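For reference, the structure is listed below as structure tokens.
All values derive from a computational prediction rather than experimental measurement. To find a chain, count down the sequence lines: A is the first, B the second, and so on, and within it residues start at 1.
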Amino acid sequence: MTDLSADIYQPAELEPAIQQQWERDRAYRAERGGGERYYCLSMFPYPSGKLHMGHMRNYTICDVMSRYQIMQGRQVLQPMGWDAFGLPAENAAMANGVPPAEWTRANIRHMRGQLKSLGFAIDWERELATCDPEYYRWNQWFFLKLLERGIAYQKTGTVNWDPVDQTVLANEQVVDGRGWRTGALVEKREIPMYYLRITDYAQELLDSLDQLDGWPDRVKAMQANWIGRSEGAEIDFACEDQIIRVFTTRPDTLMGATFMAVAAEHPLARRAAESNPELAAFIRQCQKGGVSEADIATQEKLGMDTGLTAVHPLTGQAIPVWIANYVLMGYGEGAIMAVPAHDERDFEFALKYGLPIRQVISLPGGQTYDDQHWHESYAAKDGVLVDSGPYTGLSCADGFAAIVGDLEKKSAGKARVQFRLRDWGISRQRYWGCPIPIIHCDDCGAVPVPEEDLPVVLPEDLVPDGAGNPLKRCETFLNVPCPKCGKPARRETDTMDTFVDSSWYFLRYTGPDNDKSMVDGRAADWMPVDQYIGGIEHAILHLLYARFWTKLMRDEGLVKIDEPFRRLLTQGMVLAETYYREDASGRRTWFNPAEVEVQRDAKGGVASAVLMADGRPVTPGGVEKMAKSKNNGVDPQALVEQYGADTVRLFSMFAAPPEQSLEWSEAGVEGGWRFLKRFWSGLQRHVAAGLPSTAVDRGALDSRGLELRRVLHETITKVGDDFGRRLTFNTAIAAIMECCNHLGRFEARSDNDRALIQECWSALVRLIAPVTPHIAEALWQRLGGEVSVFEAGWPEVDKSALVRQKVTVVVQVNGKVRGRIEVAPGAPRAEVEKLAQADANVARYIAEATVRKIIVVPNKLVNIVVGT
RNA sequence: GCCGGGGUGGCGGAACUGGUAGACGCGCCGGACUCAAAAUCCGGUUCUGGAGACAGAGUGCGGGUUCGAUUCCCGCCCCCGGCACCA
């Protein structure tokens, strides 16, 4: 049967046909087959409209790992869903008047189709969207449980306030301290919000990081720093009839405290301002600007003396109390004792306002304090206390203990552990989110919605206009009788942080059809997730909240696990070159790389770039993250249509290891396309000559055959290790390409050689299958496969094929390569040394010198150390 | 500002535990095929010198440890991610 069209690689016809075959067989239902379970999960997408390269990369990584596990005989769950609530839908609504629900659902439809065209082994029967009431009702239900347990509670929080639109702004809506739509100067404002006591779990979240062997160390380090456990002391300073409580990690420096500083929101600051208009004005000034930590940390340090003094708990000395904008109300006690000699921020502040600086820790070499050169060593803990009264001469550690001990005796302080982590504020003053199930009654206060009334359904026909939450104007939503007393009451209009939605979706995938409970016994079958894959930008917040939520559900008796994700892979960003033209006023117009043609010089360097439309030059603007603002986004869909899904998948796995950023390159895609064409035609030529009827006879192979077979089995070993352990798909693909190059140079001289070629193709098709599943499936059939290539199993390594007759050993003289010798593997040291010195080029370097030492690394290297 | 990561040929990257720097791919150069081009195939390709054998230099910069450093240590520079309401 010779079908001529089958001789040409035509992914546009091939891929949909293969996909239909998989769909017909329901090939990727998680429950299919037997074997050990493997849950392979990628972070679900926000349905922003179109699939972008970052999604494409994320889901391809996940699919490669899933398919590799399927080929290992495992039962694999690879689900997909939609992180469907959030700000972009409201922005889109403002821009074109479409309700967020409509916009979101249309995007989901479109993106689902795009995902399907990429051929992922997803179990679509488990798909979920967080904007569906069947999903978010469980957010609400669980929130009520947390309220009962006291984990959820209400307190005020600070938000960005746009005074013109009279609305709360997200941090990203604050641009240079101004509201994005109105341009008005943003203010801080305190409003009531719901919080979750994540700080109750701070120690456990920190401790259980140790269990996460499969997580990158850098992510664990970031989380540990974020949680920020510090051991120190709380110290009370009397100030008139009040107490200022501070937390410090350095009670040993207490004798060096020369002033105190409180946050602008601190009760003492407010009280002092009541009788002092200047202070009140300063506090108002501190109220300006955004709430983000980066803004606060980089702003100029400002302060003002309150005129009050506090009493030093040990010396009884009066020290001034200041208001300072670098003291945060949200951390510690909102007040600090300032020790300018041993804290860089206190130092900067003291220098600026002429406050005294008192050194209380000795410095290396008996150095004394120098205003001009504040140095990090001033924060060191390895000196001894000086000028510290009874504590002088103690080490920092002993001073710490002695001072805390004395404070405890005086009831003026005690040792305490403090976390940097703050409780999680989950209230959002936005429409497009999960309603917080609370009813406000004038008589009964904030009343939880009774469980049987859940879900509180979000009306889907509202259109936000930028001036506050439209739920506040939606009478049918707002008006409801109080569940306690039955009098008219109003619903809470705040919705939940979308991080709530994404904190447990991976659990819901295990039983998405259960309308009786949040999760069921199936969670135990699949959890924890064996492999989680997503962007490094989620290293802290999402992953911390998901870990926290899992522990909350455990403590509610819903799951039995402590940690949700066994292994984590954080993928890098997708970048592309940018091109622009600048007009007379310096404004830049950005051109998409697809519209630009690059011209190269004789060495291959970039000589110039021109816009294809008009042939005139454009300026390369460097490689940047794909973004609308730089117009350097490349649409995966267009590439799938041009080259097929397999080529796009191949390139994105080949161009960089998954953890690193990936630089987009059209030429690189072409390279992937050429490889697949060669792979296809090479295999077709072999098939066209007729499939061999017998397996290879290893004993009958000549040296060329043994060499090819050794390369093949080394490749199988390497690819298995790269897919299964190292997760470096780029090197796996390189190894497959290299093996193909060997195979292409191999000339069949006998039927046994042809049987070897069959062995090679049979293995190579299976090795490449996780990356390029469609072509592999098609070629597997042509090789005579009767079941899907994904049921065919992973090729086995024949260890006997790996044995080498000779190895090349490098010979160095004083660390520089001077020659190479061939020896039998495991040759005795003496023989290797002799051969190395006998090498003609090596001999030139050792003839005139004395050999002092010879280092031999077996089967690799000889280094002859000579001296004159 | 704080926390985390990165920097290797013309380009993306490889070198896994301190042992041949540059695998694989792109680009470029040369050749074959073609009337010609495209596609395809073959060869070369870190830089400098040399016809070559070979030699010297070389992994952001400056030091250090070591027989040997892209890899370990110290000090810098630049780029990227996160900083709690973007997701």
Hey, does [X] reach any base, or is it just sugar-phosphate, or nothing, if we go heavy atoms under 4.0 Å?
| X | value |
| --- | --- |
| A/R820 | base |
| A/L421 | base |
| A/Q299 | nothing |
| A/V219 | nothing |

From [options], pick the nucleotide closest to the side chain of [X]?
| X | options | value |
| --- | --- | --- |
| A/L87 | B/rG13, B/rA87, B/rG27 | B/rA87 |
| A/R818 | B/rG56, B/rG25, B/rG4 | B/rG56 |
| A/R218 | B/rU20, B/rA84, B/rG5 | B/rG5 |
| A/V857 | B/rC24, B/rG19, B/rG13 | B/rG19 |
| A/T498 | B/rA87, B/rC85, B/rC80 | B/rA87 |

Original post:
Counting only heavy atoms not in A/K50, do more than 12 sit closer than 6.0 Å to its NZ atom?
Top reply: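 No - once you tally the heavy atoms of other residues, nucleotides and ligands closer than 6.0 Å, there are 12 at most.
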Original post:
Above 12 or not: heavy atoms from other molecules or residues under 6.0 Å from NZ of A/K352?
Top reply: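 More than 12 within 6.0 Å, yes.
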**OP:** Could you check A/G86 against A/N863 and say which one's nearest nucleotide on RNA chain B is further toward the 5' end?
**Re:**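 Result: A/N863.
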Subject >> Distance below 4.0 Å between A/N841 side-chain N/O and B/rA53 OP1 or OP2 >> reply: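 Indeed not, no polar side-chain atom of A/N841 lies that close.
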